[in-house]
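Worksheet: the structure to be examined is printed underneath.
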Amino acid sequence: MTVTRQDFENALAAYWGARQLQSEQSAIRDVVGAGTAGSVRGGKHFDAIATLLAKFFLDAGYPPASIRVTKSQGLELPGYYRPQKQWDVVVVHEGVLIAAFELKALGGPSYGNNYNNRVEEALGSAVDLRRAVLAEMYPKEKPWLGYFFIMQDGPGSRRPVRTADGALPVDGIWHDTSYQDRFGIFCQRLVTEQLYDAACYVMSSPEDPKPIELVENLDWRHFAAAINARLTYLKDLGIPG
């Protein structure tokens with residue numbers, strides 16, 4: 001596999017508009033159509049990340065037609081509690097859902113406004129699809145789900161957040177945690193509970209796009225290894241043929 005650490009850092013810098021995609025990534029973006037994904041993701045920030053993920057599958061021999069990154073290509077996947085849900089990157093080959101990715105971010109200065117929304121979105125997407133799998137709506141191989149999340153690094157995301165005095169006490173793990181800490185705990189639990197097969201959680205900012213990876217098993221190295229493991233597993237089964 002040829003996706004490198006530098007590819008990842010370049011894509012993250014491009015997310016913040018700090019640099020243009022390198023020529024190789026631009027060519028991949030053109031092949032899979034990522035340059036028109038803005039209407040899907042509310043802006044073109046995630047185009048670079050979508051391109052990066054597409055590269056794994058192109059390098060593994062999947063045809064461009066199997067890699068979907070734009071609304072026009074059809075990003076909807078069937079659910080159980082609702083008819084469909086739109087994902088951000090979808091790889092389907094000969095009727096098999098090879099992989100689906102959610103790409104999300106949380107920025108400042110008011111991190112609390114959207115924190116719960118991001119948690120609920122990630123949970124809802126995964127639970128709905130996993131239940132659809134149990135209902136045999138996804139034939140052949142079990143789907144593989146990936147979650148990629150960028151937390152804007154800044155004082156507001158690093159500062160401990162108070163938990164409210166509610167009707168019952170919260171899990172002690174949440175005490176004296178920042179939004180950065182809380183999302184790390186959340187992503188770890190998503191993977192531990194097998195709602196997602198892998199998660200990549202990074203902190204970054206427009207001022208300094210270089211990724212900060214606070215949780216080792218949620219870093220880019222582990223995420224890339226999980227994608228490559230999925231590709232190796234399917235290759236041994238003759239996919240893509």
Nearest heavy atoms of [X] and [Y], plus distance in Å:
X	Y	result
S204	P209	OG-O, 2.7 Å
G107	Q152	CA-OE1, 3.4 Å
G79	M137	O-CE, 3.3 Å
Y80	D128	N-OD1, 2.7 Å
A226	A198	CB-CB, 3.6 Å
Q180	G154	NE2-N, 4.2 Å

Take the angle between the ring planes of [X] and [Y] and call it parallel below 30°, perpendicular above 60°, tilted in between.
X	Y	result
F186	Y147	perpendicular
Y115	Y179	tilted
W220	F8	parallel

Side-chain contact, heavy-atom cut-off 4.5 Å: [X] with [Y]?
X	Y	result
T163	D176	no
W87	L129	yes
V89	F46	no
V161	W174	no
F56	D7	no
I227	L53	yes
Q73	P64	no
M151	R182	no

> Do L134 and L77 belong to the same hydrophobic cluster, where Ile, Leu, Val, Met, Phe, Trp and Tyr are linked whenever their side-chain heavy atoms lie under 4.5 Å apart, directly or via other members?
Replying inline: no

>> In this structure, would I185 and V170 fall into the same cluster of hydrophobic residues linked by side-chain contacts under 4.5 Å?
In response: no

Once rounded to the nearest 0.5 Å, what's the spacing between atom [atom1] of [X] and atom [atom2] of [Y]?
X	Y	atom1	atom2	result
L106	I150	CG	CD1	11.0 Å
R158	D153	CZ	CG	4.0 Å
I67	L58	CD1	CG	3.5 Å
K140	L97	NZ	CG	12.5 Å
I239	E141	CD1	CD	5.0 Å
R221	C200	CZ	SG	12.0 Å

>> Quiz question: by atom type and distance under 3.5 Å, do the side chains of D208 and S205 form a donor-acceptor pair?
In response: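 Note: D208 and S205 side chains miss the donor-acceptor criterion.
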
>> Quick one about N117 and E121 (side-chain donor to acceptor, distance below 3.5 Å, no hydrogens or angles considered), yes or no?
In response: no

> Can you check side-chain contact (heavy atoms from CB on, under 4.5 Å) on V202 and L218, steps first, answer last?
Replying inline: CA-CA 8 Å; V202 300; L218 300 175; over 6 Å; no

> Just by modelled atom types, is the A225 backbone N or O under 3.5 Å from a matching donor or acceptor in the N228 side chain?
Replying inline: no

>> Donor-acceptor pair, distance only, cut-off 3.5 Å: does the side chain of D219 make one with the backbone of E213?
In response: no

>> If the test is ring pair (Phe, Tyr, Trp, His ring centres under 6.0 Å), which one of Y233, Y138, F101, Y196 qualifies with W144?
In response: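 Single ring pair (Phe, Tyr, Trp, His ring centres under 6.0 Å) partner of W144 among Y233, Y138, F101, Y196: F101.
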
>> With salt bridge (Lys or Arg N to Asp or Glu O under 4.0 Å) as the criterion, how do D197 and K142 come out once you've worked through the C-alpha distance, each side chain's angles and the decisive distance to 0.1 Å?
In response: CA-CA 11 Å; D197 295 279; K142 178 183 175 182; 5.1 Å; no

> Between L195 and L145, does a side-chain contact (heavy atoms from CB on, under 4.5 Å) hold up when you go through it step by step?
Replying inline: CA-CA 8 Å; L195 291 172; L145 304 181; over 6 Å; no

> Do R82 and E76 sit within salt-bridge range, that is, some charged N less than 4.0 Å from a carboxylate O?
Replying inline: no

> In this structure, are over 12 heavy atoms from other groups packed under 6.0 Å from Q84 atom CD?
Replying inline: yes

> Does CG in D236 sit with more than 12 non-hydrogen atoms of other residues, nucleotides or ligands closer than 6.0 Å?
Replying inline: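 More than 12 heavy atoms, drawn from other residues, nucleotides or ligands, come within 6.0 Å of this atom.
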
> Going through the distances and angles, do Y201 and V191 end up as a side-chain contact (heavy atoms from CB on, under 4.5 Å)?
Replying inline: CA-CA 12 Å; Y201 171 49; V191 176; over 6 Å; no

> After noting the C-alpha distance and the side-chain angles of K85 and E102, does the key distance pass the salt bridge (Lys or Arg N to Asp or Glu O under 4.0 Å) rule?
Replying inline: CA-CA 11 Å; K85 194 272 176 186; E102 283 276 84; 2.7 Å; yes

> Between S66 and F57, does a side-chain contact (heavy atoms from CB on, under 4.5 Å) hold up when you go through it step by step?
Replying inline: CA-CA 9 Å; S66 295; F57 299 92; over 6 Å; no

